[in-house]
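Below, each value reflects all heavy atoms present in this structure, side chains not excepted, and no hydrogens, waters or symmetry copies.
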Amino acid sequence: MKKYIGLVLFLLPLKVLALNVTFILPDHSHHQFWYLLADATKSAAKNTEISLKIIYTDNNRFAFKSAIQQAINSPTKPDYLVFRPFQGTISEVFAELEQQKINFITLEQVLTGNEAQIIGKPRENYQHWLGEVYYNQEAGSELLTKTLIDEHNIKFPRETAYITGLSGSFDAVTYARNSGLIKQLKKHSNTVLNQIITLNFDHRLVEQRIESILKRYPDTSIYWCASTQMAIEASSKIEELTGKGNIIVGGFDWLPDGLNKIKEGKITALVGGHFLMGAKAVNLLIDHYYGIDRFIAQPEIPKEHNHFELITKYNVEQYLAFINNRNWRDIDYSQFLYSNKKLSHQEPITVKNLIKAYQKQKQPTKLSTL
């Protein structure tokens, strides 16, 4: 296997051949996460000869299915299709893509119950389903929960931590995040979970219901949120209603407004970095095109990094400018390709590693002396 990989790397050109790649993203005007994901995806593709097309849809299975048909019926069929699947349409969609012999990659693990069992794992029932790009939601939730509890114990030593969860929807992502919250709570004494309230990742529902939540659970000292926008809304409304600005609140995603709130002390912690899923998919499919299959575990080539990163007041300055200015646009993502024959070692695509790469690129080059 090592000899084969070495031969592939030796034969690769500097740029990939023209590949038609279509991303289908469930995008809302009020859901900034997918905008960031699309932006990072474009950045990863721009230094290649990939022809990238992004289709934005409403966040429902009907719009998703319509977008799939649009991609399939395009005059130039995609060589690779990347999308976040929706429950209720997957069997039909996967079967058609298999019939059309279109390679596809899915983002996140959202399927639950019988549908997940029927679909199986990538390449189990559908050979053109190359793999999934996802982050470990349960581990990310555990990291967030532990950070919030640790902060509570610093601020309010020996006091019971009452936690209220403002959660997402009814998919596998939400289930894993909720599970991580519960799992981490069991590791800490003197903690009480009031309730995990399903709010469909919608900050507007937080605004509408936070007053009644406050009345139901007035002793809440930690608010665990499924998104940054929900955390921002919860922090703002609770301070407005109670006058308390020292509540402990955290969530998922790294939207610029959320990082600024951490700096201001209004939000305690955010886990994120998963807006790089699309950028990871771009590099994975380039490597796949050149015969390096990183979706399959191999001793020589590790699978892509899938761990959330954590931002608190202690490290927010390291990330703030990079995220706010979207400096990932200036990165040469070929340095993260295993098919890049010029590299002897490849780091995984993480925000921390992108910041290192950006800083290195900005350093003035030293002229060699003859």
Could you grab the distance from atom CG of N20 to atom NZ of K77, nearest 0.5 Å is fine?
12.5 Å
Check this for me: does any side-chain nitrogen of one of K261 and E264 sit under 4.0 Å from a carboxylate oxygen of the other?
yes
Less than 6.0 Å separating the ring centroids of F23 and F83?
no
Side chain to side chain, D79 and V21, heavy atoms closer than 4.5 Å
no
Between W129 and T106, is the side chain to side chain donor-acceptor pair (under 3.5 Å) condition met? List the steps.
CA-CA 8 Å; W129 182 18; T106 55; 3.1 Å; yes
Are any of the side-chain heavy atoms of Y223 and I248 separated by less than 4.5 Å?
no
Show, in sequence, the C-alpha distance, side-chain angles and deciding distance for K356 and E347, and conclude whether the salt bridge (Lys or Arg N to Asp or Glu O under 4.0 Å) test is met.
CA-CA 11 Å; K356 288 180 182 177; E347 295 288 346; over 6 Å; no
If we only count heavy atoms from C-beta on, is the K215 to E211 side-chain gap below 4.5 Å?
yes
With the side chain counted from C-beta on, respond yes when I149 and I222 share a heavy-atom pair under 4.5 Å apart, and no when they do not.
yes
Is the distance between the ring centroids of F94 and H128 under 6.0 Å?
no
Suppose we call two aromatic rings close when their centres sit under 6.0 Å apart. Are Y217 and Y162 close by that rule?
no
So, T147 side chain and L143 main chain: donor-acceptor pair closer than 3.5 Å or not?
yes
Less than 6.0 Å separating the ring centroids of F308 and H274?
yes
Any side-chain donor near an acceptor of the partner, E132 and Q109, under 3.5 Å
yes
